[in-house]
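These numbers come from the heavy atoms of this one structure, side chains and all, not from hydrogens, waters or symmetry mates. In what follows, chains are A, B, ... by sequence order, proteins preceding strands, each numbered from 1.
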There are 2 protein chains.
Amino acid sequence: MKLQQLRYVCEIVNAGFNLSRAARVLHASQPGVSRYVHLLEEELGLPLFVRTKNRLVSLTPAGEAIAEAAKRALREVESVQHIASDFRGGDVGNLIIATAPGHARYSLPPVVERYVKRYPGVRLRIRQGNSAQVVEWVMNKEADCFIATGPTEVNRDLTLLPCHDIHAVILAPSAHPLGKKRRITLHDVCAFPIITYNAEFTFYSHIMRAFHSAGLQPDILLSASDAELMKTYVRAGLGIAIVAHTAQGKGKDRGMRTIDAAHLFGTSVVHIGVRRGVHLGKHLVHFVEMFAPRLELGAQQRTKSAGA
Amino acid sequence: MKLQQLRYVCEIVNAGFNLSRAARVLHASQPGVSRYVHLLEEELGLPLFVRTKNRLVSLTPAGEAIAEAAKRALREVESVQHIASDFRGGDVGNLIIATAPGHARYSLPPVVERYVKRYPGVRLRIRQGNSAQVVEWVMNKEADCFIATGPTEVNRDLTLLPCHDIHAVILAPSAHPLGKKRRITLHDVCAFPIITYNAEFTFYSHIMRAFHSAGLQPDILLSASDAELMKTYVRAGLGIAIVAHTAQGKGKDRGMRTIDAAHLFGTSVVHIGVRRGVHLGKHLVHFVEMFAPRLELGAQQRTKSAGA
DNA sequence: CGTGATTACGTTTATCGTAATTATA
DNA sequence: TATAATTACGATAAACGTAATCACG
């Protein structure tokens, strides 16, 4: 059995059982592909494709199972090449990180700063998008990993690495009545117009779930993807903002006060998501080691390839 | 890149980096293997093996990662062949089931009877052993699956399919004082000499854990792997037996009574264990469908190969 | 020197394209 | 008749073994 034969089979399948089209994609001649497939079928002792007279129509049951296994085999072979090119290159290359604007703005900058200093040859790119987008990008190989606040609805082609916890805080104008209470409740919060993240962010659903399960209907005055924008509206006295604790400036948020709200909304976990079962590139591993040292991803890599 | 090259790499590794030995195993000439490996290294652009002058010594870091991926790729290719031979054969073949004597004797017979009637061409073999042995047999491909009472200490090369629950019953002589109580306690049970399974069976640990966590030290008079043997001793009045509920005869256990003990020892789950990530043979799927129809393994197979 | 890796060389075989053929819509 | 699969044939290349060479213990 040859790798090419497996490639041919897979390509025929996703060319919609059109040998000619598959041959074009594979830079091979139509007869070559035809013969090679026949050879494989002969070797395996059964037909992989259903043929009506002179046309490929579909996979046989055996063909389906075999095409699946073939795809997995090819992925591993591809992975051999990726591993090689990963080791081959020195500390140069590309690293694309997909994440929500919140992480990009608050958690990432210090890490990125250290990273580009340590690995100046790596071209680091950060793509911003909502939860669904960043997942999509990683699956399509348009990004090497995503950083997202879970639990993300995620399929079995991705692996999530829990990095650290995140909790909500409330930003209110300095003289706001909420600031006087010792321990606020969801009910207290609900009394005021609320500014928070857009609905496509996981944090939004997280917050809303807390309100709804308490039987409350908050008055969402305004939603945005940018915490700095929210702060502007808070300063203007339009309402109070519920944001991730990472979004609070270190004493730089003048004109407002921060009220802890961890007990109201619980904690979420920030995850790094990568494609499952493939070799994690050296640059990605280095980055993750900086972003979440407790994962000890580098140490794992040394003993076993492609983390859990 | 050729599959053979990957085979060569893997074989060199488990021949202890001895090219000559690897070549012999692979039915190839030493020079052929040498050149082919060099070709691969050239293609990948980096050395896979550490060479001291004229001798292979070990894998480079890249080599280790690549050897792992290569092994996975080869396993998938092998799996293609297995799938083919699985579909090729009609309803003939072999099926080896490893299990503890208890399952072999009580749960399996009716299933086996139906199975051999439906698939008379399949040579069914049942190997009996303790928990560790049956796991070992499946991993070494000396058996297609095992049936065991969990939770088995199991590694990530195996998949466990939960089949059904099992609970303990107490077998006591007809006139035994325990039979008069309405709801017995662990303490009650401890007052009498106990007959149960050998220590190497999971059920034994399960029972003992219940006693120990209640701070009790039961008097184990006798342990055996065969429930029928235990019954003999119970009839002789030597003690009471704690056995799986599946071991009780349907009214045929003369001279003794059955006392329910589910509330004392809880329930365990009977699992079928198979090698992870490989195609499940048609015969095995058929058997599992009969043994545990609620798994709907056949339906899963039709859509996706090798169940979770 | 013996064992084991590499290089050189030649034969055999397989791979794959062009051209011709057949079959279907 | 156009499109798509199969068969026939031939040139090129690769796969792989034998023999020779080299390198170390």
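- Checked against a 6.0 Å centroid threshold, the rings of H164(B) and F291(B) count as neighbours.
- No side-chain donor from either of H283(A) and Y119(A) sits under 3.5 Å from a side-chain acceptor of the other.
- Of the inter-residue distances, the one linking N14(A) atom CG with K71(A) atom NZ reads 8.0 Å to the nearest 0.5 angstrom.
- No side-chain donor-acceptor contact under 3.5 Å links E200(B) to the backbone of Q133(B).
- The salt bridge (charged side-chain N to carboxylate O under 4.0 Å, His left out) analysis of residues 73-89 of chain B, with sequence neighbours excluded, yields the pairs R72(A)-E76(B), E78(B)-K141(B).
- The residue among Q30(B) and R55(A) whose nearest nucleotide of DNA chain C lies closer to the 5′ end is Q30(B).
- At least one side-chain heavy atom of H286(A) sits less than 4.5 Å from a side-chain heavy atom of Y115(A).
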Heavy atoms under 4.0 Å is the rule here; annotate nucleotides 7-16 of chain C 5' to 3' with B where the base is hit, S where only the sugar-phosphate is, and - elsewhere. B-------SB
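- In this structure, CD of E41(B) is placed 13 Å from P of dA5(C), rounded to the nearest angstrom.
- Note on F49(B): nothing from the nucleic acid sits closer than 4.0 angstrom, heavy atoms only.
- A side chain to side chain contact (heavy atoms under 4.5 Å, CB included) with V122(A) is found for exactly one of N94(A), L284(A), L95(A), namely L95(A).
- Scanning DNA chain D 5' to 3' for nucleotides with an atom closer than 4.0 angstrom to a non-hydrogen atom of chain A gives a first and last hit of dA4(D) to dT7(D).
- How far OG of S58(B) is from CZ of R51(B): 10.5 Å, rounded to the nearest 0.5 Å.
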